[in-house]
Structures are given as C-alpha cells and as structure tokens.
Amino acid sequence: MSLYLLLAVFGCLAGVTTVLFGFGGGFVVVPLLYRLLTLTHPPGSPAADAAMQIAVATSTCVMIFGAAMATRRHQRAGNIEWTRVRPLLAPIAIGAACGAAAATAVDGDSLRWAFAAYLALTILDCVLRPGFLARPATAAGHAGAASNTVIGLVIGLIAAFLGVGGSVMTVPLMRRRGADMTRATAMANPLSLPVALAGAAAYVVLAWHAPALGAWHIGYVDLRALLILIAGSWLGIRLTTPYIGKVPDRIHARVYIGLLILVLVAMLLR
C-alpha cells in the first residue's frame, strides 16, 4: 500500500511539473519507477533487468494524459503560439517512433546512463549558453521548414529514447526563440503529445521480445503504476492550474534548472 501511495504522490508532483515546467512527468516518473522496480524485485528477475525500459515506457504513457490536459489548460490561458508549435509536430512524432524502437534494443543500465548524461549536458547548456536564464532582448524569427524538420526529428528521437517528453529540449528552444518561461513551458506540452503517442505505441508493439513481466503489463508498460500515476497527475494539474503565468520569469528559469539537477542526482544515486 505504501508503494501505491508513493506512486500517487509522485504522480501529483508530475502533474505539477507538467503544468509549470512542461516536463510531461518523465523526469519525475522515470527515476521513481526505476528505483521502485530495482528495490522490489530481486536482481536477475525479468522486471529488475528491464527496470529502465519499464520506467521509460510507463512514463511515456503517463505523458499522453498529462500533456493533453496541460495543453488544454494553457490553451485556455492563451499561452500556446501554434504557429511555432505546428511545424515541429510531425517531425517529432517520426523521431519518437524511432527513439522508442531504439530504446527497446538497449540494455537498462546503458539507458539509465544515457538519461543521466543527457540531463547533465542540458543543465550545462542552460547555464553556460546565453538565452535561457535571461530572456533574449528581441524575439528570434521563425525557423525555416528544413530547420524545424531536423530539430523535430532530433527532439522526438531523444525524448522517446529517454522517456522525457521532449520538454528538456523544447523549453530551451522556445526560450531562445524569444518566448518567456510561461509560454515556453506551455508549448512544451503539445510538443510532448506526439512523443507520448508514438513512443507508447512503439513500446507496446515492439516489446514482443520482452521477457514475461506479469499479468499487469502490456509490453514494457506497467498498468497498475500507470493508472495510479495518472490519477495523481490529474490532481497535480488541477491544483497547479491557478498558478499558470504567475511565477516571475527569472525565478521560473532557475527553478527549471534546479529541478533538472535534482533528477540528475536521483538517477546517479543507485
């Protein structure tokens, strides 16, 4: 029972970070599920060996709900600039399907280290490269179709491979294109939807070779954890919606980086 309560609490936290930071839940759900699976299953068991794949696949499914609900809330608040979002949707979906397929072929420990390495690089990029901590003085022009296609493919590929929803790339991207943190994090949510949909489908379909994980699994997706996390996420999104747009921009950017650092530490402490 205590494990289910912990999942619900972290699901709520995932909902909060989805609304305020566009994370889609991946940065909260993946480390938690990975830790729980490795603690509750004996070493060498199918679930322990596939702990990272299960965590990433389940996180990707949670993102379908969280990103859709957060998109609706931000749309009502007028924070989503669809002219910036639409050109990236199709390339991200294609990249996500490829990323999910690649993740099913990689061992769990390698996937874990890839997750941690990507987080570290993102943190350094946000801190050291101009344009994130302080909003650019002038908004950048819209990127061309070729640029958006390449960027979208890369975002989708990495996001689905690591189960993080793409916000770790789309938020800095929109930030450097002139968006404030409220709009940058808002636009990360619809951009996470193609990652979640394509990635979840790929994890279910392409996991035919996965070991028998139990009756409550479809492919690598843990259904019990999924349902509890969705319920918690719904509550977190409902509670956080009134605060949309009320966090000062500079604080918003710094808290975003701080959360990435916390998740990185959680992944490294095995």
| Atom pair OH (Y118) and CG (L260), whose distance is rounded to the nearest 0.5 Å | 10.0 Å

| query | Are any non-hydrogen side-chain atoms of N189 and R73 less than 4.5 angstrom apart? | reply | no

| task | Could you tell me the separation between the CG atom of L6 and the CG atom of L32, rounded to the nearest 0.5 Å? | result | 5.0 Å

| message | Hydrophobic clusters here meaning ILVMFWY residues chained together by side-chain heavy-atom distances under 4.5 Å, can you tell me if L157 and V154 are in one? | response | no

| task | Take R129 and L124, measure what side chain to side chain contact (heavy atoms under 4.5 Å, CB included) needs, and give me the verdict at the end. | result | CA-CA 8 Å; R129 193 154 62 104; L124 290 173; over 6 Å; no

| request: Indicate, with yes or no, if I92 and L153 share a hydrophobic cluster defined by side-chain heavy-atom contacts under 4.5 Å among Ile, Leu, Val, Met, Phe, Trp and Tyr. | output: no

| message | Within the 4.5 Å heavy-atom criterion, are V19 and H74 side-chain neighbours or not? | response | yes

| query | Is T58 reaching over with its side chain to a backbone N or O of A55, donor-acceptor style, under 3.5 angstrom? | reply | no

| request: Kindly indicate whether the side chain of V247, heavy atoms from C-beta on, has any atom under 4.5 Å from the side chain of T182. | output: no

| request: Determine, using the 4.5 Å side-chain heavy-atom cutoff (strictly less than), whether I123 and F132 are members of one ILVMFWY cluster. | output: yes

| Do L191 and I155 have side-chain heavy atoms sitting under 4.5 Å apart? | no

| query | Where do L33 and L229 land on the side chain to side chain contact (heavy atoms under 4.5 Å, CB included) test, with the steps shown first? | reply | CA-CA 10 Å; L33 272 184; L229 287 164; 4.2 Å; yes

| From L7 atom CG to L227 atom CG, the distance as rounded to the nearest 0.5 Å | 11.0 Å

| task | Would you please test M181 and V171 for side chain to side chain contact (heavy atoms under 4.5 Å, CB included) and show each step? | result | CA-CA 8 Å; M181 280 299 292; V171 171; 4.1 Å; yes

| task | Spell out, yes or no, whether V127 and I251 are grouped together once hydrophobic residues are joined by side-chain heavy atoms under 4.5 Å, including indirect joins. | result | yes

| With a cut-off of 6.0 Å (strictly less than), are more than 12 heavy atoms of other residues, nucleotides or ligands near CZ of R72? | no

| said: I'd like to know whether I218 forms a side chain to side chain contact (heavy atoms under 4.5 Å, CB included) with L223, so could you lay out the CA-CA distance, the side-chain angles of the two residues, the decisive distance to 0.1 Å, and finally the verdict. | reply: CA-CA 7 Å; I218 297 179; L223 294 178; 3.8 Å; yes

| Does a side-chain heavy-atom distance below 4.5 Å link V255 with L20? | no

| Quick one: CZ on R176 to SG on C126, what's the gap to the nearest 0.5 Å? | 6.0 Å

| task | Please check if the side chain of S59 supplies one atom and the backbone of V30 the other of a donor-acceptor pair under 3.5 Å. | result | no

| request: For atom CH2 of W216, decide whether the heavy atoms of other residues, nucleotides or ligands shown that lie under 6.0 angstrom number more than 12. | output: no

| Is there a side-chain contact between E81 and R183 (heavy atoms, below 4.5 Å)? | yes

| note | Between the CD1 atom in I54 and the CG atom in L36, the distance rounded to the nearest 0.5 Å is 11.5 Å

| query | Can you get from I228 to I64 by hopping between Ile, Leu, Val, Met, Phe, Trp and Tyr side chains that sit under 4.5 Å apart? | reply | no

| When rounded to the nearest 0.5 angstrom, what distance separates OG1 in T71 from CG in N79? | 11.5 Å

| task | Verify, without hydrogens or angle tests, whether T38 (side chain) and R35 (backbone) share a donor-acceptor contact under 3.5 angstrom. | result | yes

| query | Do T185 and H252 come within less than 4.5 Å of each other through their side chains, counting heavy atoms only? | reply | yes

| query | Side chains of R250 and L133: closer than 4.5 Å at any heavy-atom pair? | reply | no

